[in-house]
Structure formats: C-alpha cells, structure tokens
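One is the number of the first residue; the rest follow in order along the sequence. Below, all heavy atoms of this structure are taken into account, side chains as well, without hydrogens, waters or symmetry copies.
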Amino acid sequence: MGCAARRMIDPDYLLWQPHEALTHREPGAPNQTFLRRAVSNFYYALFHELCRDIANQHIGFAHRKQPRYTLLYRALEHGRARQAFEKVSKDAVASIEARTIASAFLVLQQARHTADYDPSERFYVSDVLSLFLEAEAAIGTLRAGFVDKDEILTRLLFKEKP
C-alpha cells in the first residue's frame, strides 16, 4: 500500500476494526463507551465511502493528491445527506439499491446521534452488530454499483429546486 493510500480515511478499517473487537472479545458485556464508538464508526464508514465515491465520480481517484479532490471529498455535509436520503428513501423511481443505501444511512446517522449525544441510552452487542450489518450491506451495494448511483451521489451534494 502506497503512502498516499495510507493517509486516506479507510472505511473498511472504520467498519471492521470494531466488528473484530466485538466478535473476538472476552466474555461479559463490553463497555458502553466502546459500543457507542463502534456505532459511530459504522456510520462514518458509510459516510466516508460516500465521500470517496463522490470525489472519484467527479474528479477521479488518479487526481486524489490535488486540492480539488480534497475539496470535493469534504463537500458532503451530514445534514444535506440526510435530507437527500430522506427524499431518495421515498422516491418510487429510485432503484432498490439507492433506497436501501438511503435507509441504511438514515438508520446509522440516527444511531450515531444517539450514541454520541444521549447518555441515557443503553447499547447492546446484538443491536451494534445489527448496525454493522446495515453499514456493511450499504457499502457493499455502493461498491457493486447500480443503475442510478451517479445520480444519487450528485443529489447528495446539491439541493434540488422545486
């Protein structure tokens, strides 16, 4: 792996590192802080996969060292993505893949907000592993590609006018 590749945010690491720790752990309930961090990682794995796909779509991975690649990579906003995916999840014309990714994003984002900001919420290993599966499936679908992927990625960046 080249130096530039190691510097990039790795969605696979964000996804698999906490999963491995969860599935190969000592008996007993894991620490709530660890479970909350895992939930947050799963959301960010999907978020950064989307950021990478957007930058690759519009500029191309070959240009990843150029400032414009970083600028586009960082253009995706969490709230804007939520609004776009809320529309996609209800759009009967959108592919099943697009709606599945939209649904996963919304579930993971809400879970991350709860994990990061609601101290009264308790997390369980089974629920966290379910969120892992949600993120893994969404990332797999993104990587496999689908008919309206380019349109969905573009909709994440730009507000649609009525």
Side-chain angles (χ1 to χ4, degrees), residues 1-2 4-20 22 36-117 123 126-162:
M1 180 183 310
R6 285 194 303 265
R7 285 191 300 242
M8 294 185 72
I9 296 169
D10 184 359
D12 289 327
Y13 184 81
L14 289 171
L15 187 65
W16 286 98
Q17 187 274 331
H19 177 265
E20 288 298 314
L22 275 172
R36 289 169 181 276
R37 185 69 242 157
V39 169
S40 189
N41 272 27
F42 299 154
Y43 167 74
Y44 279 110
L46 178 56
F47 183 82
H48 283 286
E49 185 71 24
L50 289 163
C51 292
R52 185 166 59 183
D53 278 0
I54 288 168
N56 289 344
Q57 173 197 39
H58 291 286
I59 293 177
F61 185 73
H63 303 287
R64 69 192 173 280
K65 294 180 182 179
Q66 295 181 7
R68 64 189 180 120
Y69 186 92
T70 301
L71 185 65
L72 194 51
Y73 186 102
R74 297 197 62 220
L76 183 59
E77 297 175 350
H78 299 276
R80 173 75 211 111
R82 184 191 74 249
Q83 292 168 351
F85 277 137
E86 284 172 346
K87 287 183 181 180
V88 170
S89 70
K90 298 171 188 170
D91 185 352
V93 177
S95 68
I96 188 70
E97 294 90 350
R99 290 193 311 265
T100 298
I101 291 166
S103 174
F105 182 90
L106 295 170
V107 165
L108 289 163
Q109 189 181 62
Q110 182 56 54
R112 186 198 65 89
H113 284 174
T114 301
D116 288 354
Y117 303 115
F123 286 84
S126 59
D127 296 329
V128 173
L129 289 173
S130 178
L131 291 169
F132 163 81
L133 294 174
E134 190 100 29
E136 179 189 39
I139 290 170
T141 300
L142 275 168
R143 290 179 179 171
F146 49 95
V147 67
D148 52 349
K149 179 180 175 178
D150 289 345
E151 178 187 341
I152 298 306
L153 292 175
T154 301
R155 288 171 73 179
L156 289 173
L157 292 180
F158 301 102
K159 184 175 180 177
E160 294 180 53
K161 302 212 181 210

Checklist entry - Considering all heavy atoms of both residues, which atom of Leu142 and which atom of Leu50 are nearest to each other, and what is their separation? => result CD1-CD2, 3.6 Å
Next on the checklist: Is it the case that the side chain of Gln109 and the backbone of His78 share a donor-acceptor pair, with hydrogens and angles ignored and the cut-off at 3.5 Å?
Outcome noted: yes
Checklist entry - Quick one: does Thr100's side chain have a donor or acceptor within less than 3.5 Å of a partner on Ile96's backbone? => result yes
Item to check | Flag, side chain of Asp148 to backbone of Ala94, donor-acceptor distance under 3.5 Å | outcome: no
Next on the checklist: With a 3.5 Å distance limit and no angle check, can you tell me whether Arg64 reaches the backbone of Ile59 through a side-chain donor-acceptor pair?
Outcome noted: no
Checklist entry - Do Arg155 and Glu151 meet the salt-bridge criterion of a basic N to acidic O distance under 4.0 Å? => result yes
Checklist entry - Do you know the tightest heavy-atom contact between Ala138 and Leu46? => result CB-CD1, 3.9 Å
Checklist entry - Hey, does Glu136 have a side-chain heavy atom less than 4.5 Å from the side chain of Trp16? => result yes
Item to check | More than 12 heavy atoms of other groups within 6.0 Å of Arg74 CZ | outcome: no
Checklist outcome for this item: Note: Tyr13 and Pro18 closest approach over all heavy atoms is O-CD, 3.9 Å
Next on the checklist: For the CD atom of Glu77 and the CD atom of Gln83, what is their distance to the nearest 0.5 Å?
Outcome noted: 9.0 Å
Next on the checklist: Looking at Glu86, I want to see if its CD is surrounded by more than 12 non-hydrogen atoms of other residues, nucleotides or ligands under 6.0 Å.
Outcome noted: yes
Next on the checklist: For a 4.5 angstrom cut-off between non-hydrogen side-chain atoms, does Leu156 reach Val88?
Outcome noted: no
Item to check | Side-chain heavy-atom pair Ile9, Tyr44 within 4.5 angstrom cut-off | outcome: no
Next on the checklist: So Tyr43 and His113, do their side chains get closer than 4.5 Å, heavy atoms only?
Outcome noted: no
Item to check | Any donor-acceptor pair under 3.5 Å from Arg112 side chain to Val39 backbone | outcome: no
Next on the checklist: Checking Arg36 against Asp116 for the side-chain contact (heavy atoms from CB on, under 4.5 Å) test, could you report, in this order, the C-alpha distance in whole Å, the side-chain angles of both residues, the deciding distance, and whether it holds?
Outcome noted: CA-CA 7 Å; Arg36 289 169 181 276; Asp116 288 354; 5.5 Å; no
Checklist outcome for this item: Looking only at heavy atoms, the pair that brings Leu72 and Ala55 closest together is CD2-CA, 4.0 Å
Checklist entry - Is there a side-chain contact between Gln57 and Thr154 (heavy atoms, below 4.5 Å)? => result yes
Next on the checklist: Please find the pair of heavy atoms, one from Ala111 and one from Phe123, that lie closest to each other, and give the distance.
Outcome noted: O-CZ, 4.2 Å
Next on the checklist: Nearest 0.5 angstrom please: Asn56 CG to Tyr73 OH, how far?
Outcome noted: 9.5 Å
Next on the checklist: What I'd like to find out is whether the side chain of Leu129 reaches to under 4.5 Å of the side chain of His19, using heavy atoms alone.
Outcome noted: yes
Checklist entry - Do Phe85 and Ile101 come close enough that some side-chain heavy atom pair is under 4.5 Å? => result yes
Next on the checklist: Taking Arg99's backbone N and O only, do any of them form a donor-acceptor pair with Ser103's side chain (distance below 3.5 Å, no angle check)?
Outcome noted: no
Item to check | Residue among Lys149, His48, Arg143, His58 satisfying side-chain hydrogen bond (donor to acceptor under 3.5 Å, both in side chains) with Asp53 | outcome: Lys149
Item to check | Min side-chain heavy-atom separation Phe42-Glu134 under 4.5 Å | outcome: no
Checklist entry - Just by distance, do the side chain of Glu97 and the backbone of Thr141 share a donor-acceptor pair under 3.5 Å? => result no
